[in-house]
Amino acid sequence: MVGAGALAAPAFAQSAIDSLINAPQRGDWDDQFDAKAASRTATAVVSNTPILGPQSVPSIQQAIAQYQQIASAGGWPEVSPSQQRLQIGVTDPAVQSLRQRLIITGDLPREAGISSAFDSYVDGAVKRFQARHGLPADGVIGEFTLKAMNIPADVRLQQLNTNLIRIQTFPEELGRRHVMVNIPAAYVEAVEDGSVATRHAAVVGRISRPTHLVNSKIYEVILNPYWTAPRSIVEKDIVPLMRKDPTYLEKNAIRLIDGKGNEVAPETVDWNAEKAPNLMFRQDPGKTNAMASTKINFYNKNGEYMHDTPQQGLFNKLMRFESSGCVRVQNVRDLTTWLLRETSPWSRQQMEQVITTRVNTPIKLAEEVPVYFVYISAWGMPDGVVQFRDDIYQLDGNAELALDTTAGTEQPVQ
């Protein structure tokens with residue numbers, strides 16, 4: 001059942017759009033630069049309601065009703081690039097269509113009106129829009145923000161309908177305690193008793209080495225893990241690096257182990273051979289380890305897992321689709337503390353003490369925790385906030401929704 005509030009929302013009626021277009025233009029003196037606009041910023045889209053749960057289907061159905069009305073009323077205007085950087089304090093004719101665009105999707109209050117001034121209300125609305133689309137909420141109209149704004153309403157409606165089908169495949173009850181990894185959003189939710197206990201940015205697989213969808217259970221946390229390089233990484237990455245730098249393995253504390261468990265000296269291997277050596281490439285625990293302090297194991301046939309990383313700067317990137325299929329988790333020790341809370345005696349303090357020893361320590365969970373790797377690129381929340389993400393793996397059926405750049409930072413549109 002779709003909430004009546006969505007159907008009655010004034011921003012979606014044709015009369016509302018007409019009133020925006022015909023609104024009297026206001027001078028700069030009447031534009032707002034005050035703290036009240038902060039209530040419309042990115043913090044307004046944060047929710048402890050998980051993406052998947054009993055409210056998921058009605059929430060996305062409410063979003064679909066909202067976007068059906070927007071599309072049937074003609075959608076939203078295209079926001080054109082400006083000669084100057086669109087950000088707070090700027091006055092530019094392009095801000096008029098920007099205001100109209102933000103009002104139609106409820107990011108900017110209608111009372112803010114239409115003018116050429118990029119005031120604090122527009123700044124807050126842009127940040128809210130950016131947060132709903134997984135973009136850095138900096139209030140500046142950069143290339144990705146502009147791209148997201150100019151995807152047509154009917155394409156967004158199609159994206160919501162596609163994701164409704166995906167969401168409907170999950171049961172309402174996913175487990176009292178469970179973990180969800182949303183691949184296009186590149187983040188992890190730990191959910192307990194229907195509420196998000198902890199949320200983490202993640203780095204997931206690139207399109208050439210995608211992270212697989214999984215319905216499984218987490219059974220083990222390993223502190224100070226050994227890292228065994230998958231065959232694909234040995235062939236595509238490590239062997240070419242050894243050809244360039246014969247000391248690469250030594251520098252990265254990677255040992256070669258044969259089928260009998262014996263260590264093999266790297267200098268005895270022909271690194272220019274056609275095939276990579278049939279040996280285990282195992283990295284010792286420590287700061288340079290590819291998994292850093294922690295590995296989280298769950299049952300799956302692809303050899304994938306969640307883990308820490310020594311490259312913490314990756315979590316600050318706009319696009320976190322760089323792994324070879326496994327999932328790197330920011331602040332992973334918060335997640336492992338939550339996972340191990342019911343496994344005695346593994347308190348946070350006990351865990352930190354073991355990590356400092358650099359001794360490989362596998363820990364079986366007292367009770368396995370369900371984990372779901374999902375592909376949900378659009379969803380709704382009970383409070384009416386609608387979220388969209390780029391279709392990184394090109395599964396949504398429209399090229400406009402796929403990420404069209406591999407750059408790691410958003411460039412200003414000028």
Side-chain angles (χ1 to χ4, degrees), residues 51-52 133-135 144 147-148 151 158-160 162-170 174 178-189 199-218 227-240 276 281 290-291 295-309 311 313-330 332 335 370-379 387-408:
I51 291 179
L52 292 177
H133 292 76
L135 296 163
F144 300 144
K147 172 180 174 283
I151 290 176
Q158 170 202 324
Q159 188 178 13
L160 286 165
T162 298
N163 282 274
L164 169 62
I165 295 168
R166 291 175 184 150
I167 290 172
Q168 286 174 325
T169 64
F170 292 92
L174 299 171
H178 67 269
V179 173
M180 186 220 62
V181 179
N182 188 6
I183 295 167
Y187 75 65
V188 179
E189 289 180 349
R199 185 178 278 125
H200 306 261
V203 176
V204 300
R206 67 197 77 145
I207 190 168
S208 60
R209 302 188 201 178
T211 298
H212 294 82
L213 303 185
V214 167
N215 179 343
S216 184
K217 289 189 175 181
I218 296 169
W227 176 65
T228 301
R231 189 70 183 171
S232 60
I233 291 180
V234 170
E235 293 174 348
K236 296 177 183 178
D237 301 318
I238 295 179
V239 169
F281 287 64
M291 293 181 287
K295 178 182 182 183
I296 299 171
N297 277 325
F298 51 90
Y299 305 107
N300 72 103
K301 63 182 181 181
N302 304 303
E304 294 175 353
Y305 43 83
M306 293 185 279
H307 62 97
D308 193 4
T309 176
Q311 298 173 290
L314 292 173
F315 296 115
N316 297 324
K317 298 186 74 171
L318 172 61
M319 286 164 292
R320 302 186 301 278
F321 309 99
E322 298 192 354
S323 85
S324 298
C326 293
V327 176
R328 303 169 193 171
V329 182
Q330 189 176 35
V332 72
L335 178 59
V371 62
Y372 306 89
F373 280 38
V374 304
Y375 195 93
I376 298 174
S377 63
W379 65 96
Q387 297 264 2
F388 295 100
R389 295 297 184 271
D390 282 301
D391 176 23
I392 181 63
Y393 291 166
Q394 300 174 18
L395 301 178
D396 286 351
N398 191 308
E400 288 185 82
L401 297 172
L403 203 62
D404 61 358
T405 176
T406 56

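All residue numbers in this chain count up from 1 along the given sequence.
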pair [X]-[Y]: side-chain heavy atoms closer than 4.5 Å:
X: L174; Y: M180; result: no
X: K236; Y: R209; result: yes
X: Y299; Y: V214; result: no
X: N398; Y: I151; result: no
X: I233; Y: W227; result: yes
X: E304; Y: T211; result: yes

If the plane angle is over 60° it's perpendicular, under 30° parallel, otherwise tilted; pick one for F298 and F373.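 It falls in the tilted class, 30° to 60°.
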Quick check: closest heavy atoms across [X] and [Y], and the distance to 0.1 Å?
X: A202; Y: V327; value: CB-CG1, 3.8 Å
X: I238; Y: A229; value: CD1-CB, 3.8 Å
X: A276; Y: R231; value: O-NH2, 2.9 Å
X: I376; Y: P184; value: O-CG, 3.4 Å
X: C326; Y: Y305; value: CB-O, 3.3 Å

From [X] [atom1] over to [Y] [atom2], what is the distance, rounded to the nearest 0.5 angstrom?
X: N215; Y: K217; atom1: CG; atom2: NZ; answer: 9.5 Å
X: I392; Y: R206; atom1: CD1; atom2: CZ; answer: 11.0 Å
X: D308; Y: K295; atom1: CG; atom2: NZ; answer: 13.5 Å
X: E189; Y: H178; atom1: CD; atom2: NE2; answer: 7.5 Å
X: I51; Y: N163; atom1: CD1; atom2: CG; answer: 10.0 Å

Main chain of [Y], side chain of [X]: is a donor-acceptor contact present, judged purely on distance under 3.5 Å?
X: D237; Y: P240; answer: no
X: Q159; Y: S377; answer: yes
X: H200; Y: Q330; answer: yes

From CA spacing to verdict: side-chain contact (heavy atoms from CB on, under 4.5 Å), T309, V203: CA-CA 10 Å; T309 176; V203 176; over 6 Å; no
In this structure, which one of L395, V374, L213 forms a side-chain contact (heavy atoms from CB on, under 4.5 Å) with I183?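 Option passing the side-chain contact (heavy atoms from CB on, under 4.5 Å) with I183: L213.
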Do Y375 and D391 have side-chain N/O donor and acceptor atoms under 3.5 Å apart?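 Checked: Y375/D391 side chains pair up, N/O donor to acceptor below 3.5 Å.
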V181/M306 under side-chain contact (heavy atoms from CB on, under 4.5 Å): CA gap, chis, key distance, verdict: CA-CA 10 Å; V181 179; M306 293 185 279; 3.9 Å; yes
Assess whether a salt bridge exists between R389 and D396, defined as any Lys/Arg side-chain N lying under 4.0 Å from an Asp/Glu carboxylate O. no
Check step by step if side-chain contact (heavy atoms from CB on, under 4.5 Å) holds for W379 and L52. CA-CA 9 Å; W379 65 96; L52 292 177; over 6 Å; no
Check the pair V329, I296 against side-chain contact (heavy atoms from CB on, under 4.5 Å), reporting the backbone distance first and the verdict last. CA-CA 10 Å; V329 182; I296 299 171; 5.5 Å; no
